[in-house]
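Read the structure below first, then the notes.
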There are 2 protein chains.
Amino acid sequence: MKPTIYDVAEKAGVSIATVSYVMNNQKVGKKSKEKVLKVMEELNYKPSVLASALTGKRTTTIGFLLPDLANPFVAGMARRVEDRAHERGFNVVICSTDFDEGKEALYTSLLKQKSVDGFILAGDFKNAAVVRELLQEYTPVVLLAASHPSLSVTSVTVDDFAGGYEVASHLISLGHEKIAVIAEDAASSQGRIHGYKQALQDQGLEIREDMIVISNSSSEDGERLAEKLLDRSDPPTAIFACNDLLAIASILVARKKGLRIPDDLSIAGFDNTLLSRSSDPPLTTVEQPVQDMCSQVVDLLIEEIEGKSKTKQRIVMLPKLMIRNSTGVCPLENKV
Amino acid sequence: MKPTIYDVAEKAGVSIATVSYVMNNQKVGKKSKEKVLKVMEELNYKPSVLASALTGKRTTTIGFLLPDLANPFVAGMARRVEDRAHERGFNVVICSTDFDEGKEALYTSLLKQKSVDGFILAGDFKNAAVVRELLQEYTPVVLLAASHPSLSVTSVTVDDFAGGYEVASHLISLGHEKIAVIAEDAASSQGRIHGYKQALQDQGLEIREDMIVISNSSSEDGERLAEKLLDRSDPPTAIFACNDLLAIASILVARKKGLRIPDDLSIAGFDNTLLSRSSDPPLTTVEQPVQDMCSQVVDLLIEEIEGKSKTKQRIVMLPKLMIRNSTGVCPLENKV
DNA sequence: CTGAAAGCGCTAACAC
DNA sequence: GTGTTAGCGCTTTCAG
């Protein structure tokens with residue numbers, strides 16, 4: 001059997017309390033301490049986190065709910081969150097929710113039974129009721145790349161409005177006027193769309209709602225929507241996709257239709273995933289400071305877990321437009 | 001406070017044992033059972049997994065150690081593993097090890113302290129000592145996309161030899177004779193290289209060890225190596241990269257050098273990640289049956305956890321060559 | 001400074 | 001069937 005605190009105590013000739021004290025760095029006589037440490041070493045003793053947690057201590061495990069781990073942008077965040085969490089001595093249990101309220105509720109419930117110390121909810125968390133419940137029972141929660149205006153919960157996001165504004169402005173400066181948007185059914189996309197609209201308005205361009213379509217975030221759906229947009233009698237000269245996956249899907253469709261990018265059609269994405277560098281042409285996109293965002297959420301969550309957090313806060317980080325070759329000047333014949 | 005088994009027992013007018021029995025589907029009088037169930041509902045009672053596990057039951061949590069979650073192929077596996085685990089009622093805690101023996105040892109140790117029910121080790125797990133230890137203390141372990149010939153541990157892999165053989169044969173059939181390999185420092189790459197060599201040998205072609213280089217798996221290193229290969233006085237006409245990331249890196253380098261793909265240079269990858277579809281040209285690569293592999297490992301691990309597994313086994317699944325446009329006939333001037 | 005003992009929430013004999 | 005009770009391994013008063 002694995003050695004327990006009793007084994008250590010006995011072999012060291014002290015009580016289990018003393019052993020516990022040395023593990024928790026409490027005042028212990030030098031002699032006893034050394035002896036205990038030595039025995040722990042000899043027995044290769046590792047305290048049980050379960051037993052410890054049962055008495056009220058932390059499990060040093062956090063739950064990380066995200067939309068879909070297979071999405072490269074999400075996986076990138078997960079890696080960063082994991083790294084930071086490990087640095088701080090926490091493990092991460094990951095659950096993909098697919099934007100499904102049922103899964104969101106189920107997984108949070110399961111993880112609560114397992115006594116995770118807190119939750120990071122990434123992307124658009126649909127089930128507000130669950131968040132509200134977490135909040136009111138004082139379970140530490142922070143949102144990542146998502147925020148809930150009506151809820152008092154700390155969050156870390158990128159400035160979606162600014163991102164959308166910059167992309168649209170960039171496209172407008174290239175002479176585009178018919179700029180379509182392929183969005184996700186998520187709050188972040190709404191922010192990007194707002195930014196896009198503002199840019200259009202600031203330049204006195206007409207905002208056409210029929211140029212804005214919502215996808216279910218899958219590549220297939222992205223292709224379907226891109227195809228539909230390009231088949232219009234009055235097709236856009238530029239497409240702003242709310243993530244790189246959708247942008248790539250658009251590129252694929254455009255290529256299939258024999259359109260040259262960016263000569264015939266400009267395409268911009270969002271997230272700056274590795275997809276955007278490998279695509280042809282390399283994708284103009286918006287970079288999110290993933291590393292900083294993830295370190296921050298983890299730190300904020302741990303502050304809450306440790307009860308050190310003063311106030312809830314919403315941190316908004318600035319995105320950065322990465323201009324590459326998928327966007328170019330608007331073809332003349334399409335100008336009004 | 002959260003309700004405990006005592007609260008339920010009291011309110012239902014029974015003993016805690018009875019409550020415990022109904023939770024574990026043991027024989028309980030119909031009346032009592034209904035009453036207890038009703039109270040559990042009213043109190044919204046959720047049993048503590050910690051307390052339950054402390055008495056010897058499972059935590060229904062498995063540890064999943066992988067090289068790097070940010071790698072799209074790995075993230076794809078993680079998603080599948082997660083899905084299957086959830087279907088079976090398990091949660092997954094994920095740890096990226098970066099092929100670092102220290103991290104491998106550290107994370108397994110931490111997770112053991114947290115009493116995970118078992119481990120899935122994916123990719124090349126360097127620290128054989130750790131695996132051996134796990135095995136000898138009867139901790140359930142299975143390997144995914146990796147195997148350890150000298151260890152008696154169940155594993156699920158793709159047939160790397162076959163994959164390498166097929167890629168090389170395909171290239172040879174296109175007339176290539178100078179085929180370079182950019183590999184990872186992993187056992188899977190060794191298998192692929194063996195397959196590649198066998199194909200060359202079967203066709204009576206010379207095997208040149210200086211055409212085989214090992215990367216540290218990063219894109220940057222991939223680019224560096226590809227560049228070095230192409231700068232040789234006697235450059236290859238085709239590159240077989242042992243994963244898509246490295247293949248993309250090669251494409252990037254080739255493009256930078258003004259080489260046309262596949263006219264001047266053919267490039268093949270491995271894994272069939274979404275990168276291979278979005279790249280230009282689309283990448284010829286080898287598909288691994290990720291979904292099946294992942295369902296299998298999870299099922300096998302759970303069998304071990306439940307003590308139902310009869311014997312250790314090594315399952316090898318067959319890969320599938322996906323021919324796309326990054327490979328083409330060998331340019332004539334380069335033929336010997 | 002250290003030991004004895006009472007829990008933490010649940011399971012599992014062992015009785016009744 | 002169901003209640004009593006002794007742990008599971010660790011933390012934490014409370015004495016001494």
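Atom NZ in A:Lys35 sits about 17 Å away from atom C1' in C:dT2, given to the nearest Å. Rounded to whole Å, atom P of C:dG9 lies 14 Å from atom CG of B:Leu43. Taking atom NZ of residue A:Lys114 and atom C1' of nucleotide C:dC8, one finds them 20 Å apart after rounding to whole Å. Straight-line distance from the CD atom of B:Glu10 to the C1' atom of C:dG9: 15 Å, rounded to whole Å.
Counting only Watson-Crick and G-U wobble pairs whose two distances sit under 3.5 Å, DNA chain C takes part in these stems of three or more pairs: C:1-16 with D:1-16.
Considering every non-hydrogen atom in both B:Leu50 and A:Leu50, the closest pair reads CD2-CD2, 3.4 Å.
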List, with names and distances, any nitrogen or oxygen atoms from the protein found under 3.5 Å away from nitrogen or oxygen atoms belonging to nucleotides 8-11 of chain D.
{"from": "D:dG9", "atom 1": "N2", "to": "A:Ala51", "atom 2": "O", "distance (Å)": "3.2"}
{"from": "D:dC10", "atom 1": "OP1", "to": "A:Tyr45", "atom 2": "OH", "distance (Å)": "2.4"}
{"from": "D:dC10", "atom 1": "OP1", "to": "A:Ser48", "atom 2": "N", "distance (Å)": "3.1"}
{"from": "D:dC10", "atom 1": "OP2", "to": "A:Ile5", "atom 2": "N", "distance (Å)": "2.4"}
{"from": "D:dC10", "atom 1": "OP2", "to": "A:Tyr45", "atom 2": "OH", "distance (Å)": "3.3"}
{"from": "D:dC10", "atom 1": "N4", "to": "A:Tyr6", "atom 2": "OH", "distance (Å)": "3.4"}
{"from": "D:dT11", "atom 1": "OP2", "to": "A:Ser20", "atom 2": "OG", "distance (Å)": "2.8"}
{"from": "D:dT11", "atom 1": "O4'", "to": "A:Thr55", "atom 2": "OG1", "distance (Å)": "3.1"}

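No donor-acceptor contact under 3.5 angstrom links the side chains of B:Thr61 and B:Asn91, judged on distance only.
Residues B:Phe90 and B:Leu301 have side chains not in contact (no heavy-atom distance under 4.5 Å, counting atoms from C-beta outward). Inter-residue side-chain proximity for A:Val14 and A:Lys35 is flagged as unmet; no heavy-atom pair is nearer than 4.5 Å. Between B:Thr108 and B:Asn127, every side-chain heavy-atom pair lies at or beyond the 4.5 Å cut-off.
Residue B:Gly29 is in sugar-phosphate contact alone, with no base atom involved, counting any heavy-atom pair closer than 4.0 Å across all strands shown.
Contact between the side-chain N/O atoms of A:Thr18 and the OP1/OP2 oxygens of C:dG3 is found at a separation under 4.0 Å. When the side-chain nitrogen and oxygen atoms of B:Ser32 are compared with OP1 and OP2 of D:dT2, one or more of them lie within a distance under 4.0 Å.
Taking 4.0 Å as the cut-off between side-chain N and carboxylate O, A:Glu41 and A:Lys38 do not count as a salt-bridged pair.
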(request) Just do the side chain to side chain donor-acceptor pair (under 3.5 Å) check on B:Thr60 and A:Lys114 with the steps written out, would you? (result) CA-CA 9 Å; B:Thr60 55; A:Lys114 294 188 181 177; 3.1 Å; yes

(message) A:His86 vs B:Tyr107, test: ring pair (Phe, Tyr, Trp, His ring centres under 6.0 Å). Steps then yes/no.
(response) CA-CA 9 Å; A:His86 280 145; B:Tyr107 297 151; 4.2 Å; yes

